[in-house]
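Quick caveat, the model's predicted, so the values are computed rather than measured. Each chain gets a letter, A, B and so on, in the order its sequence line appears, and its residues count up from 1.
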Amino acid sequence: MNIVVCVKQVPSSEARIHIAADGRSIDPAGVELVVNPYDEYAMEEALKTREKFGGTLTVVSLGPAKTEEALRTCLALGADRALVVKEASLLGGDGLGAARILAETIRSLDPDLILCGKVAIDVEGYGTGPAIAEILGLPHVSVVSKLEWKDERHLTAHREIEGATEVVELELPAVLTANKGLNEPRYPSLPGIMKAKKKPIEEIGSSALSVDPSLVGAAGARVATESLSPPPMRQEGRKWTGDGRAAVVEVLRLLREERKVL
Amino acid sequence: MGFDVLVFAEQRGGVFKKSAFEALALARALTKGDGAVTAILAGNGVEAKAADLISRGADTVVLADDPALERPGSILLSRLAQEAASSSKASLILLPATALGRDIAPRLAARLDRPWIAEAIEVSRAEHGISARKSIVGGKAFATLATVGDPPYIVTLRPGAHPAADPDPSRSGSTVKLSVASDPLDLRAKVIDLLQSAGQTIDLQEAEIVVSGGRGLKGPENFSLIRDLADALGGAVGASRAVVDKGWIDHQHQVGQTGVTVSPKLYVACGISGAIQHLAGMRTSGCIVAINSDADAPIFKIADFGIVGDLFEVLPIMIEEARKMRAS
Ligand SMILES: Cc1cc2nc3c(=O)[nH]c(=O)nc-3n(C[C@H](O)[C@H](O)[C@H](O)COP(=O)(O)OP(=O)(O)OC[C@H]3O[C@@H](n4cnc5c(N)ncnc54)[C@H](O)[C@@H]3O)c2cc1C
Ligand SMILES: Nc1ncnc2c1ncn2[C@@H]1O[C@H](COP(=O)(O)O)[C@@H](O)[C@H]1O
């Protein structure tokens with residue numbers, strides 16, 4: 001089975017975020033970069049699927065040279081191949097542009113199963129997986145929290161929707177996006193890390209991709225970031241200690257009379 | 001040139017999501033009197049519901065009523081949305097930032113070869129195209145985005161970000177039917193069942209009040225305190241990841257960076273420390289109340305009202321007082 005995982009490198013969820021001097025980007029100084037947490041679930045599911053059915057597991061990432069660290073982590077976890085798209089002209093595009101690049105990179109791998117994360121926690125796009133599926137003419141199931149394989153081509157996926165779980169029957173080739181709860185991601189082993197150091201990371205350049213250059217990268221972006229701003233400051237409000245009942249009664253009164261939320 | 005807006009009005013079992021009405025209200029505001037609002041209504045046996053969309057702001061309802069739409073997949077719905085988009089000539093297509101809307105928008109974007117903006121909390125018309133604001137990196141920054149190039153622009157709107165308008169029964173509008181053609185691809189991903197999650201009757205993402213519990217609850221049996229307070233206040237139950245990971249409650253309830261993002265009018269955090277990943281999912285709430293025994297817990301830094309105390313003492317009192325308040 002040809003299994004592909006899309007992996008994005010993002011700021012750690014712990015990272016303090018400062019806006020860069022240009023007012024439009026995040027200052028990279030001191031920001032720890034990690035594999036997007038949902039991509040860890042995607043990667044784990046890919047490893048489990050390969051254990052079950054055999055095959056080749058390829059990880060793909062679009063991003064600046066540093067993104068190779070994320071791919072290296074996936075190689076250490078057991079990925080067979082790693083492909084990076086890092087050419088400057090292909091970076092800085094919008095979500096659809098990124099999905100086009102990833103889709104064309106994946107197409108050449110003749111994929112059976114493509115796994116993405118539910119969302120990249122930096123841009124909060126929630127859509128790269130479905131967009132890749134549409135471009136490749138494939139079905140997809142997003143926000144998957146459980147998989148049951150019938151055979152190598154057929155499976156049932158549970159996906160979380162608001163207040164309920166949808167059960168979807170699916171036939172490969174297909175795209176899945178992984179949610180928390182799908183599995184418990186493993187950690188890379190020391191031998192895995194040593195072996196990964198020697199594995200190549202293959203670069204895919206624009207010449208190898210059949211994408212219209214006017215639709216991708218910063219030049220092709222049809223959504224531009226005009227500015228970033230810090231979140232609105234929340235003032236530390238009033239605090240009560242001591243008499244619990246008095247505090248509760250006063251808080252409920254304020255919620256009803258002053259804030260009008262009750 | 002006018003500015004027409006197409007709204008995907010999500011419903012489940014004949015009941016509209018609140019986000020459908022919120023998007024209609026935003027659409028009306030954006031047309032500024034020089035455009036029409038069209039709503040897509042797709043389902044099985046939902047024809048009678050078209051009137052609700054008109055009273056909430058639609059001029060036209062594009063109705064796709066077909067047994068195939070009982071539990072439709074996003075492939076079929078994005079195809080229908082594309083048809084509606086090409087006949088309505090909308091400048092903007094609004095979808096809810098829900099599991100369904102998040103599936104349709106990118107597919108529609110790829111089909112129409114137009115950009116999409118995900119999870120907008122504000123949308124306005126700009127000189128060329130539109131401008132939108134959204135949270136990024138777990139709410140640690142907000143981005144203002146602008147479209148470049150020709151419409152239509154596709155936007156998913158966060159539930160709760162824009163208020164719905166009251167229904168106006170005097171509004172009139174028309175209904176246009178859209179026929180549903182099947183495609184072999186539809187059959188490759190089939191929704192075969194819908195499992196309602198136990199206990200949760202109120203949609204967490206749409207709830208106006210959320211009461212969340214964390215590790216301070218000490219054990220799963222004590223989650224009843226959270227459920228009882230949520231009941232007394234008429235809210236939904238949320239949780240921190242710590243207790244979800246312990247298996248005290250289902251992941252569907254997790255609020256935060258790797259859970260649900262909520263923006264209720266009132267958020268009550270009980271026995272939750274206020275880790276940055278938790279704040280990512282609730283910091284835009286209207287009013288935040290925290291109950292925690294540690295006066296230095298970070299949650300108090302963003303709480304409007306904080307009660308420093310043992311939740312095992314405070315919560316029973318709050319449940320009792322809230323019930324009294326409701327009864328009065
Ligand atoms: C990649 C990543 C993603 C994450 N995503 C999320 C996420 O989506 N959501 C999330 O919530 N977390 C997330 N986390 C975890 C987060 O960092 C915290 O570990 C978690 O939020 C802590 O949960 P808690 O507040 O319940 O527990 P704790 O931090 O242990 O806090 C318990 C609180 O209860 C108080 N307490 C104890 N006893 C009492 C009592 N009797 N009465 C009153 N108060 C009491 C304590 O003072 C303390 O403040 C994530 C972490 C990582 C690394
Ligand atoms: N630049 C990228 N490189 C590789 N995978 C990506 C990239 N951007 C998004 N993805 C994948 O798509 C998922 C969802 O991202 P998004 O739609 O941007 O929130 C991520 O979890 C990744 O699996």
Side-chain angles (χ1 to χ4, degrees), chain A residues 11 13-14 17 19 37 94-96 121-127 130-131 134-135 139 141-143 145 160-171 174 180-181 221-231 234 236-241 244-245 247-249 251-252 254-255 259 261-262, chain B residues 75 98-99 102-103 105-107 109-111 115-119 136-149 185 188-197 200 203 205 251-252 257-258 265-266 276-277 287 289 300-309 313-314 317-318 321 325:
Chain A
S13 68
E14 310 272 349
I17 296 296
I19 294 162
D94 59 31
L96 185 57
I121 64 166
D122 55 350
V123 300
E124 301 182 16
Y126 290 91
E134 182 66 40
I135 295 163
V141 183
S142 58
V143 210
S145 55
E160 288 183 15
I161 63 173
E162 298 76 22
T165 302
E166 232 173 39
V167 185
V168 188
E169 259 178 14
L170 191 67
E171 188 185 323
K180 180 173 182 286
R222 287 171 295 169
V223 178
T225 305
E226 289 203 316
S227 63
L228 295 188
S229 55
R234 281 198 94 100
E236 180 163 353
R238 290 177 60 185
K239 220 153 71 177
W240 287 262
T241 30
R245 185 168 298 269
V248 167
V249 169
V251 167
L252 289 177
L254 288 167
L255 291 176
R259 298 303 182 98
V261 292
L262 287 182
Chain B
I75 301 171
T98 56
R102 286 167 176 167
D103 268 5
R107 282 195 174 266
R111 294 182 81 91
W116 93 92
I117 292 177
E119 311 287 309
I136 59 167
V137 282
K140 288 180 232 173
F142 284 77
T144 301
L145 307 175
T147 56
V148 180
L185 195 58
R188 302 236 321 262
K190 266 190 313 201
V191 182
I192 54 165
D193 205 0
L194 191 67
L195 314 170
Q196 293 295 336
S197 38
Q200 183 81 321
D203 181 338
Q205 218 190 358
H251 174 249
Q252 296 233 345
Q257 194 149 16
T258 44
K265 282 194 206 152
L266 172 62
I276 193 153
Q277 296 91 351
C287 183
V289 174
F300 287 126
K301 293 251 172 340
I302 64 150
D304 298 80
F305 304 130
I307 300 179
V308 183
E313 281 168 30
V314 176
I317 300 173
M318 195 174 266
E321 293 293 335
M325 194 168 189

Name the member of S142(A), P231(A), G244(A) that forms the most heavy-atom pairs with chain B at distances under 4.5 Å. P231(A)

Portion of V123(A) that has a non-hydrogen atom of chain B nearer than 4.5 angstrom: backbone

Counting heavy-atom pairs under 4.5 Å to chain B, which of L262(A), V223(A), V249(A), I135(A) comes out on top? V223(A)

With chain A, which of A146(B), G139(B), A105(B) has the greatest number of heavy-atom pairs at distances under 4.5 Å? A146(B)

Under 4.5 Å from any heavy atom of chain B - which part of A221(A): backbone

Comparing R111(B), K265(B), K140(B), E119(B) against chain A, the one with the most heavy-atom pairs below 4.5 Å turns out to be K140(B)

Choice from A224(A), A131(A), G237(A) maximising heavy atom contacts with chain B below 4.5 Å: A224(A)

Spatial distance of atom CD (Q257(B)) from atom NZ (K180(A)) [nearest 0.5 Å]: 13.0 Å

To the nearest 0.5 Å, what is the distance between CD1 (I307(B)) and CZ (F300(B))? 8.5 Å

Heavy-atom distance under 4.5 Å between the side chains of P139(A) and L185(B), does that happen here? yes

Hey, could you give me the CG/CG distance between L255(A) and L266(B), rounded to the nearest 0.5 Å? 5.5 Å

Pick from A118(B), P115(B), A109(B) with the largest number of heavy-atom pairs that fall under 4.5 Å of chain A: P115(B)

Considering residues at least two apart in sequence or located in another chain, which fulfil the side chain to side chain contact (heavy atoms under 4.5 Å, CB included) criterion with R259(A)? V261(A), C287(B), D304(B), F305(B)

One option among E124(A), K239(A), E14(A) has the most heavy-atom pairs under 4.5 Å with chain B, and it is E124(A)

Among M318(B), H251(B), E321(B), the residue with the most heavy-atom pairs under 4.5 Å to chain A is H251(B)

In terms of heavy-atom contacts, Q196(B) and A164(A) come closest through OE1-CB, 4.0 Å

Which atoms of I161(A) come close to chain B, meaning under 4.5 Å heavy atom to heavy atom: side chain ones, backbone ones, both, or neither? both

Applying salt bridge (charged side-chain N to carboxylate O under 4.0 Å, His left out), can you list everything that pairs with E160(A), at least two apart in sequence or on another chain? none

Among V314(B), I276(B), T98(B), which residue has the highest count of heavy-atom pairs closer than 4.5 Å to chain A? T98(B)

How far does CZ of R245(A) sit from CD1 of I317(B), to the nearest 0.5 angstrom? 5.0 Å

Proximity breakdown for D94(A) and chain B, heavy-atom pairs closer than 4.5 Å: side chain

With chain B, the option among D122(A), T225(A), V251(A), I19(A) that has the most non-hydrogen atom pairs under 4.5 Å is D122(A)

Which region of P11(A), side chain (C-beta onward) or backbone (N, CA, C, O), has a non-hydrogen atom less than 4.5 Å from a non-hydrogen atom of chain B, or is it both or neither? side chain

Atom group of I302(B) that falls short of 4.5 Å from chain A, counting heavy atoms: both

Once rounded to the nearest 0.5 Å, what's the spacing between atom CG of L228(A) and atom OG1 of T144(B)? 8.0 Å

E166(A) and side-chain contact (heavy atoms from CB on, under 4.5 Å): which partner among L194(B), I192(B), L195(B)? L194(B)

Evaluate the side-chain proximity of Q252(B) to E162(A): yes if any heavy-atom separation is below 4.5 Å, no if none is. no

Ranked by heavy-atom pairs below 4.5 Å to chain A, first place among L145(B), T258(B), D103(B) goes to D103(B)

Heavy-atom pairs under 4.5 Å with chain B - which of V141(A), L254(A), V168(A) has more of them than the others? V168(A)

